[in-house]
Amino acid sequence: MSAPLVAIVEDHLLLAETLVAALSRQAIVAVAPTGGDLHALLDSVLSVRPGLVLLDLDLGDLGDSTSLVAPLTCAGIRVLLMTGSTDRLRIGAALEQGALGYQSKADGFDALVARTVAALTCKGVLDPTDHAELLAELAAARQLTDEVDAIYHRLTERERGTLLALGDGHSVHEIAAEWVVSEATVRSHVRGLLVKLGVASQLAAVSTARRKGWLSPVFRG
């Protein structure tokens with residue numbers, strides 16, 4: 001029976017090489033494919049046909065590796081995440097794509113090796129309870145985001161523009177001058193957004209917007 005093959009997708013070369021050596025002592029053949037971008041990296045991994053991919057969620061210049069999980073699992077390859085991130089929603093998103101579990105880098109090198117060995121022999125997901133909890137947290141966060149987005153998008157275009165301008169520290173007078181409208185018109189937009197947000201003042205509106213992320217580039221776009 002041939003030794004299982006593990007592909008280590010990790011941007012820190014020293015860690016990848018150390019893992020290759022450690023797994024070899026467990027009679028596990030490991031390789032560390034590389035690629036100039038995520039597409040090339042995926043092709044490189046698929047070409048070696050591993051039974052398991054040990055996937056770092058953060059690949060340095062290549063960015064977030066979550067998009068690699070689904071094509072790997074669709075190819076029948078198990079994926080174990082390794083990460084220094086404590087963002088459970090990011091981990092949950094990768095599990096949703098088909099990863100069977102994750103290992104925190106903060107737990108140390110030996111734990112990472114042990115987890116890799118376990119991932120090669122498990123029949124389903126690792127830690128089913130934690131897996132379910134992470135997916136439930138992700139679903140709840142998405143529902144909350146949808147609700148928040150719905151409130152924001154009930155504002156008219158001018159009300160959203162007014163809110164963004166207030167968030168940037170502009171006064172009603174300055175907004176009116178920039179838009180070449182009367183201050184009364186801008187105050188009408190302010191009243192409209194206050195009613196829809198259920199707040200009593202411009203300060204409270206801006207505070208709400210910051211807390212819910214409406215002043216971020218995502219919403220501005």
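Just the heavy atoms: all of them, side chains too, but no hydrogens, waters or symmetry mates, feed the values below.
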Side chains of [X] and [Y]: does their closest heavy-atom pair fall under 4.5 Å?
X	Y	value
L203	L166	no
L138	I91	no
S104	T83	no
D56	V9	no

Discussion item. On the six-membered ring of W179, is R158 placed so that its NZ or CZ lies under 6.0 angstrom from the centre and within 45° of the ring axis?
Written reply: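 That pair qualifies as a cation-pi contact.
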Discussion item. Assess the residue pair V199 and L193 against the criterion (side-chain contact (heavy atoms from CB on, under 4.5 Å)); give the C-alpha distance rounded to whole Å, side-chain angles, the decisive distance to 0.1 Å, and a yes or no.
Written reply: CA-CA 9 Å; V199 296; L193 69 90; 5.7 Å; no
Fill in: R142 and E137 ion-paired at < 4.0 Å
no
Worksheet entry | Basic-acidic side-chain contact under 4.0 Å: K105, D58 |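 So K105 does not pair with D58 through a salt bridge.
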Item to complete: Measure the spacing between CD of Q97 and CG of L72 and express it to the nearest 0.5 Å.
Response: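 Q97 atom CD to L72 atom CG measures 11.0 Å (nearest 0.5 Å).
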Discussion item. Nearest 0.5 angstrom please: R187 CZ to I175 CD1, how far?
Written reply: 10.0 Å
Item to complete: State whether the number of non-hydrogen atoms from other residues, nucleotides or ligands found under 6.0 Å of D61 atom CG is greater than 12.
Response: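 No.
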Item to complete: For E178, look at atom CD and say whether over 12 heavy atoms of other residues, nucleotides or ligands are found less than 6.0 Å away.
Response: no
Can you check whether [Y]'s main-chain N or O pairs, donor with acceptor, with [X]'s side chain at less than 3.5 Å?
X	Y	value
R78	V53	no
S188	A184	no
S207	A204	no

Worksheet item: Should L164 and W214 be marked as a side-chain contact (heavy atoms from CB on, under 4.5 Å) after you check the CA-CA gap, both sets of side-chain angles, and the distance that decides it?
Response: CA-CA 8 Å; L164 291 174; W214 296 340; 5.9 Å; no
Looking only at side chains, do [X] and [Y] share a donor and an acceptor under 3.5 Å apart?
X	Y	value
D130	Y102	yes
D87	S85	no
S182	T185	yes

Item to complete: Evaluate the criterion salt bridge (charged side-chain N to carboxylate O under 4.0 Å, His left out) for residue pair D64 and R90; output intermediate values, then yes/no.
Response: CA-CA 9 Å; D64 189 328; R90 280 191 68 201; 3.2 Å; yes
Worksheet item: Looking at L5, I8, L80, which one forms a side chain to side chain contact (heavy atoms under 4.5 Å, CB included) with L52?
Response: L80
